[in-house]
Amino acid sequence: PVLLPVGAFISRFTDEEFIAVRALAQTDATAAGFVARTAQPEPINLASPLFQAAMKYLVAKKVIAADRVAALGAAPEAQA
């Protein structure tokens, strides 16, 4: 697994992306499920199939640009 604390993951989103995802979650059950997972204390596993599927879904819904997925899912840098 490639784990990232929830707060660090959320901070990777631009304000526009964050607002768009939250707005989509109000009317889309799949997006709502993704947002609900970010409210949990467990870190986000950036390597999980669920994470990959969520990113593809948000791209398909046009709330995240395809070229942003790599940055959102990048492994955290090693602490020196």
Side-chain angles (χ1 to χ4, degrees):
V2 179
L3 303 177
L4 185 66
V6 172
F9 173 67
I10 291 172
S11 71
R12 291 180 171 194
F13 287 82
T14 66
D15 290 342
E16 293 80 13
E17 290 168 341
F18 184 76
I19 290 166
V21 170
R22 297 285 296 188
L24 178 62
Q26 292 179 6
T27 59
D28 183 288
T30 301
F34 177 61
V35 169
R37 285 181 179 84
T38 65
Q40 304 301 314
E42 293 83 22
I44 304 293
N45 181 356
L46 303 175
S48 75
L50 178 61
F51 176 81
Q52 299 301 320
M55 290 295 104
K56 287 179 185 176
Y57 187 79
L58 294 176
V59 168
K61 290 294 187 172
K62 300 187 185 325
V63 294
I64 301 294
D67 64 352
R68 287 278 297 137
V69 173
L72 292 169
E77 293 184 30
Q79 299 296 317

With sequence neighbours excluded, what pairs up with Arg68 under the side-chain hydrogen bond (donor to acceptor under 3.5 Å, both in side chains) test?
Glu17

Let me check something: do Val2 and Phe51 share a hydrophobic cluster, defined by ILVMFWY side-chain heavy atoms less than 4.5 Å apart, either directly or through other members?
yes

Hydrophobic clustering (ILVMFWY, side-chain heavy atoms < 4.5 Å, transitive) - are Ile10 and Leu3 grouped together?
no

Side-chain heavy-atom pair Arg22, Val35 within 4.5 angstrom cut-off
yes

I'd like to check Glu16 versus Ile19 (side-chain heavy atoms, cut-off strictly below 4.5 Å). Are they in contact?
no

Roughly how far, to the nearest 0.5 Å, is [atom2] of [Y] from [atom1] of [X]?
X	Y	atom1	atom2	value
Arg12	Leu4	CZ	CG	4.5 Å
Leu72	Ile44	CG	CD1	11.5 Å
Leu58	Thr30	CG	OG1	9.5 Å

Flag, side chain of Glu42 to backbone of Pro5, donor-acceptor distance under 3.5 Å:
no

Check ring pair (Phe, Tyr, Trp, His ring centres under 6.0 Å) between Phe13 and all other residues, then give those that pass, not counting sequence neighbours.
Phe9

Between Leu46 and Gln52 the two heavy atoms that sit nearest each other are O-NE2, 2.9 Å

Would you sort out whether Arg37 and Leu50 count as a side chain to side chain contact (heavy atoms under 4.5 Å, CB included), showing the intermediate values?
CA-CA 11 Å; Arg37 285 181 179 84; Leu50 178 61; 3.2 Å; yes

